[in-house]
Amino acid sequence: MAWTWRFEKSDGTEVQPAVQPEEFTTQGDAETWIGEHWKDLLEGGADQVVLSDDGRKVYGPMSLHAAEGDGEGER
């Protein structure tokens, strides 16, 4: 199995990622990677991502934009 990310603008147009991903052997590894790099990807022009497993869409598009009031920095 090869887990891969597709990087898109908000209209679904594919864009090149600011950080080049690898092919991942598990869904967890792919999700950990996106969790570590989403801000760089967003700053590089991607608005959303789609996760696939061997070319089969698993989920997405998932926005890289943080939800307003997501609690980051609030306590």
Side-chain angles (χ1 to χ4, degrees):
M1 283 192 225
W3 295 84
T4 56
W5 290 107
R6 173 183 162 96
F7 306 91
E8 300 177 344
K9 297 300 286 175
S10 58
D11 66 2
T13 305
E14 187 170 12
V15 297
Q16 290 299 312
V19 180
Q20 192 62 42
E22 56 194 86
E23 284 191 351
F24 303 96
T25 56
T26 68
Q27 182 175 353
D29 288 345
E31 291 170 341
T32 296
W33 184 88
I34 206 75
E36 293 171 352
H37 297 283
W38 70 270
K39 287 182 183 178
D40 293 329
L41 295 165
L42 181 61
E43 290 173 2
D47 292 311
Q48 59 193 26
V49 293
V50 175
L51 182 62
S52 297
D53 177 22
D54 282 335
R56 180 185 57 86
K57 180 178 168 181
V58 176
Y59 64 78
M62 179 178 72
S63 177
L64 295 175
H65 295 271
E68 285 188 36
D70 66 357
E72 189 171 329
E74 299 174 10
R75 293 274 178 226

How about [X] and [Y]: do any of their side-chain heavy atoms sit closer than 4.5 Å?
{"X": "Gln27", "Y": "Leu51", "answer": "yes"}
{"X": "Ile34", "Y": "Phe7", "answer": "yes"}
{"X": "Trp5", "Y": "His37", "answer": "no"}
{"X": "Trp3", "Y": "Glu22", "answer": "no"}
{"X": "Glu8", "Y": "Gln48", "answer": "yes"}
{"X": "His65", "Y": "Asp47", "answer": "yes"}
{"X": "Val50", "Y": "Lys57", "answer": "yes"}

Is a side-chain N or O of Thr32 found less than 3.5 angstrom from the main chain of Gly28, in a donor-acceptor match?
yes

Side chains of Asp29 and Thr26 only: does a donor on one sit below 3.5 Å from an acceptor on the other?
yes

Approximate separation, where rounding is to 0.5 Å, of Leu64 CG and Glu43 CD
11.0 Å

Value for CD (Gln16) from CG (Leu41), rounded to nearest 0.5 Å, stands at 11.5 Å

Which heavy atom of Ala18 sits nearest a heavy atom of Gly44, and at what distance?
CB-CA, 3.7 Å

